[in-house]
Structures are given as structure tokens and as C-alpha cells.
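Scroll down for the structure; my scribbles are underneath it.
The chains referred to below are lettered A, B, ... by the order of the sequence lines, with proteins before strands, and numbering in each begins at 1.
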Amino acid sequence: MVEDFGGEEIEKKLARVSNRLNEYRFDPWGFSPESAQFGFKFFNWLYTYYWRTQTYNIERVPSGRVLLIANHSGQIPIDGTMLAIAMLKEANPPRVARGMVERWFTTLPLIGTMITRHGSVVGDPRNCVRLLQNEDTIMVFPEGIRGSGKLWKDRYKLMEFGLGFMRLALETDTPIVPVGIIGGEEQAPSFADVRFLAKFFNLPYFPITPIWPWLGVLGMIPFPTKYRMYFGEPMRFRGRAHDRDAVIESKVAKVRQALRKLIDRGLAERESIFW
Amino acid sequence: MVTRKPTTTGAARHRKKRLLITGIAGGLATQLASAIPDDWEVMGIGRRPPAHGLSRKIIYRSIDITKKTLEDLFRNERFDAVIHLAVANDPRLPMIVRHNVNVIATMRLLDCCESHHIPQVILVSTSEVYGADPTNPIFLTEESPLRAIQRFIDMGDKVEFDTYCRSWMYRVQHSNALLLRPCHIVGPHVQNFFTLYFRNPVVPIPLGYDPMIQVIDERDMVQALVSCLKQPGRGVYNITGPGEIPLSIAIKEAGSIAVPVLYSLASPLIKVGWWLGLLPFPTPQFDFLMYPCVIDGSRFGHDFQFKPHYSLRQTIRSLRGRRRFVGRDEL
């Protein structure tokens, strides 16, 4: 059934990605287009019919290595998945955007393997440098869990940014493209973060949404908000990668400002959360 | 000038260089001995003679490197290079044996090399000393910490071997010493954890894990060692083969059947199997089947112009059709 909804297109695009594959069609990080196509097809269906994702100015993403810097929201990382689908489906040339995952993800059975097959890697700066040297595309959410776990009252507020991505960009001379993602905040509005439950389940946060945890597993399903992604102009930075934090922070602030503008534009243009 | 007869110094220059290979009975050592260029004279030592036929002449001496005869050998013979391949690799050997061979005997061998001013020493460690760990970045460089013993204390002898060799290299500056850390060497003649594993017709894999692994064909490893001999150098080098491949595909290509087992349930059974001698590897070795230990061999490739000749497919398939359960050897 998934085949009928743009599956063929995904296959064609995956055949065009430039990742260096060996004779068994794997790259050194474990990405495999053949294994990844099922996941990509499934999320492509959701991208098109569930979240009806719309991109703006995706042509601004340059070919070659690039860091996509986006705002993070929505309790579960649907924004990253949607961005990855957009980069495969709508960017030119199509590419597999690499997600940087938490280290503990790789210790999980099945899930760890599944995400590596789709191109994600452990968020280690040494991995990032290699990928960028290979002209790969990397997605970074510099707010990290501070962004994804924020409450309804803080929606579309930018939390504190990590500095790592800027040091990477400087070290590898990589352009940065800010991506404002609209729609993620409303997919799972959280009214409280229950610290002791988070600690008990060893989770970064434990949200209370209108349906979670009241409906059990069903409560995890995010709402079908409309996703919009606004791509900014590529930004290039010069300087020393291992400079003092204050110097890096001033550069990060420029990216943050650009991202803020994209989000504000998106919120101003949006007439409804759901269409 | 061209027709002038060779002088005495010229004759001395034309004498054959002499190479000592320790642990000559091992599969890799035997193949290496056959591949050494003709301008070298090869002496192989070990408790047992080479396991299979050699395509060139070598001098074999039955010497146990854990015994005093090792010092006598260096007093009476002159060597231009030493390749140290006498390692106790088999995890079924007790630690006391492995430590005596891998660490104590190596220390004595290196003492001999130091006091007799051996100009070239090639030491073979393993990439396993980095340890398989979920937080490992893909492509560990030579500077990465050796974390094997964090999760697997039984790797202590290998880590200590590596650490001792490095400290020796930096102390003894008059010798060109190379410390090599190859990825898993596979082929019909070598024996290590991975070849033992792949030779089983049915192998357990931890359910839900499928790390990328690296293999190098034993013939490529021989070529890498020969290029080290031809081009003396100093330093620590990772050596990689033709690429990275998921464990599950490697098992399939080697002609075995992978049975996924729930690791938390299976580990007590594996422990019992190991104690009873039914399984050739202990539980912590399972780390290498769960987490990546992928190394970066580009420095060696660049400095020694080394490129593996055998493809990933050829390398993995060389394990097919060898189903015997090899006894304790390599010593």
C-alpha cells in the first residue's frame, strides 16, 4: 500500500544519492539505501498525507557539504524525520541528511540498527568531521532536548544553543543553512514535565499532553498538524574552530537570529495550525 | 668505472639480510615466510614447525620464546629484522599462558632486540585493543584510547602487549619499530575469534544488533607485512582491508546461518557453554558482535602505499568451506 504513495519516487531519489557505497551497498557508517527505503517510504507517506509538509526556498541549500540548523520541538523527533524526507525528496541533488543521535540510542537493540541503516550516526564530533569531509549533509538541532521537551507556553521560543555545530562548521569550512520548522510544537503540546517520572524511566523528560499518558501507547501519536519548513540563505563563517566560547557565541547568535526570522515569518504567514 | 671489480665493501653489501619470524607455526607466519623476497634469509622459530608447506627455503629452529633459549639465539645469530608473530590468540587458553606469551615473552624478545641493536622490529597487535563500544566513532584513529579492558578484562594481555610495545618503541630510538593494529584477519589459515566464529555452520548473533565490521584477507595482511619490511619506518599503524560490512551480511557471505538470540537471556547459557568448553569464546567477546570497533587505516595506506588486493566479497568468501573446529595452536 505504501508503494502506491510515492514509493517509486523515493526509490528513484535513493538511487541518486551520492553516498559512497561499497560492493554490498553499505557505507562505513552502516547506511544502506536498500534497507532504508522502507522507512523512507513510510515516512514519505506521513510527510505527504499526514503532516502535508510544505517547504519554502529549499533550493537555497547548496550542493556539497552543509549543516542544516533547525529548531527542535514536539517531544518526539518528527521534525528531524520530516527534514530528512524533504532533503531526499525535494532538495537538488537529493541527499540523505544525517541525523546526529544520542549515544545511548545505539545501545538499544533493533532501534539502534534501524537508525544507522537510515543514515544516522552517533553524535560524536569526530563522526561529523568525517561526514562533512565526505561532502555529506548533517542535520543539527542545537537546542537539543531543551528544544524538543519544552512546554506549550514556550512554543516557538528558541532555547539555549550548543556551540559544537559552529566549531564544526569552522573546522571543515561548511556552509550553514538555518531551517525554521513550523508545526512541530502543536503535534504534542506538553503542559508539564514530570521530573520524577522522567528520572524513573530514565528519559530526558516526561511530558503531559492532552492524550499522553492518558491514552497509553495511542497517546504517543502526534497530531496531524501541518508542517512548514523555511530554508534560509546559506551562511559562511571564518575563524578558528577552537576559539574562546565568547567568539563562537557571537557567531552562533547570528545563526540564531536568522532562524528566529524564519520562524517569525512562518508564524506570521500561517493561517491555521492544521491546514 | 663501470667495469671495476666489486670491492670487499661491495661484497658485504651483497650479503643476504636476515629476518627472524617468531611463532612460525602460525598460519599467518607460515604464509608470510613464503612471501618474503629473495634478498632475505628467513629464520623461523616456534615450538612447532610450520603447519603447512612453504614455497621458499627457511631455517627452522625449535625455540620456545618463553624459554631462555631465546637469549642464546640472539647471542649467536645476527638479524637485520624481527617480525614478532608469536601470540597466544586462543581465548580458550588460560590467562597465565596468554600473559606469559603475549607480555612476558614479548618483553624479553624486545630486550634482546635492544641489546643486540636489531635495526628493524615489526610488532603485530590488534584493532581489538580499542574495544567494541556503543560510543565509538566510526573510524578510530591510532590516537584513540585503548578501551578494550573497560568492558572485557580478559583482553588485558593484549592491551598490555600494545602498551608495552609503544613504550619500548619510544625508549629504544635506535631501532625502527612498527606496531601494527590490523582489523580482523580472516582466511583459511589464520585462527582468531572471528575465524572461529565464522567457521561454525550456525552462529548466534545478539538480537537487534548488527554492527559494521572490518576484515582483511590473510594474503593482504602478508603483503602489508612485506611492505613494512621493505620500507623501514617507525610508529603505530592501523591496518584495514577492503571496507566495512554489517556482521549479518558477513555471516551470510561466509556461508553460515545466523540465529538471533536475546542477549540478556542467552548470556547465562553462553557462560555455561564457555565453562564447559562447548563454545570457543567467552561472553564479553559478544561486544564485538554488538558494537562497532571500526578503525581508520588510511595512514598506513598512505605511508606504505598499501591497498588491499582482495575485495570485500573475496575476503569474506575465503572463509567458506572451512568448517573444522581447530584445536589450540598458534604457539
Side-chain angles (χ1 to χ4, degrees), chain A residues 19-39 96 98-136 138 140 164-165 167-168 171-172 202, chain B residues 130 132-141 143-145 151 183 205-215 240-254 260-266 286-287 289-298 308 310-317:
Chain A
N19 298 59
R20 275 186 262 168
L21 305 173
N22 64 24
E23 53 199 291
Y24 289 96
R25 296 187 53 75
F26 280 86
D27 87 348
W29 282 270
F31 165 71
S32 144
E34 280 70 32
S35 317
Q37 58 169 319
F38 304 103
V96 174
R98 305 287 199 153
M100 294 288 128
V101 299
E102 285 287 336
R103 286 160 199 246
W104 65 270
F105 256 114
T106 50
T107 64
L108 302 174
L110 297 173
I111 297 169
T113 307
M114 208 172 76
I115 56 180
T116 37
R117 292 288 170 273
H118 287 81
S120 289
V121 300
V122 173
D124 184 300
R126 288 166 290 183
N127 273 337
C128 298
V129 170
R130 291 243 180 214
L131 287 167
L132 292 173
Q133 284 166 347
N134 277 352
E135 305 295 326
D136 259 311
I138 296 183
V140 182
F165 78 89
R167 296 191 193 279
L168 280 170
E171 190 177 338
T172 55
N202 212 0
Chain B
Y130 295 115
D133 194 280
T135 65
N136 271 347
I138 296 299
F139 296 126
L140 295 155
T141 57
E143 291 76 28
S144 305
R151 303 166 67 100
C183 61
I205 59 165
L207 177 69
Y209 296 91
D210 198 7
M212 301 302 281
I213 61 162
Q214 288 170 312
V215 285
T240 50
E244 297 73 30
I245 180 175
L247 177 69
S248 61
I249 307 269
I251 292 170
K252 213 197 282 167
E253 282 292 287
V261 293
L262 203 57
Y263 181 68
S264 49
L265 283 181
F286 256 68
D287 275 2
L289 309 178
M290 288 168 84
Y291 304 123
C293 173
V294 174
I295 57 168
D296 176 7
S298 59
Y310 295 94
S311 72
L312 212 42
R313 189 164 268 126
Q314 287 166 321
T315 304
I316 289 286
R317 290 197 174 173

* Asked: In terms of heavy-atom proximity below 4.5 Å to chain B, should A/Leu108 be classed as side chain, backbone, both, or neither?
  -> backbone

* To do: For each of B/Pro134, B/Pro211, B/Gly243, B/Pro137, tally heavy-atom pairs with chain A at distances under 4.5 Å, and name the one with the top tally.
  => B/Pro137

* To do: Give the member of B/Met290, B/Glu253, B/Gln214 that has the highest number of heavy-atom pairs under 4.5 Å with chain A.
  => B/Glu253

* To do: Below 4.5 Å from any heavy atom of chain A, which atoms of B/Tyr291 appear? Answer side chain, backbone, both or neither.
  => side chain

* Asked: Salt-bridged, A/Asp27 to A/Arg20, with N to O below 4.0 Å?
  -> no

* Could you tell me whether the side chains of B/Thr141 and B/Asp296 share a donor-acceptor contact shorter than 3.5 Å? => no

* Structure fact -> Residue from B/Leu262, B/Leu312, B/Val294 scoring the most non-hydrogen pairs under 4.5 Å with chain A is B/Leu312

* Is there a donor-acceptor contact under 3.5 Å from the side chain of A/Asp124 to the main chain of A/Arg126? -> yes

* Looking at A/Arg130 and A/Asp136, does any basic side-chain N land under 4.0 Å from a carboxylate oxygen? -> no

* **Expected output: side-chain A/Asn22 to main-chain B/Glu244 donor-acceptor under 3.5 Å** => yes

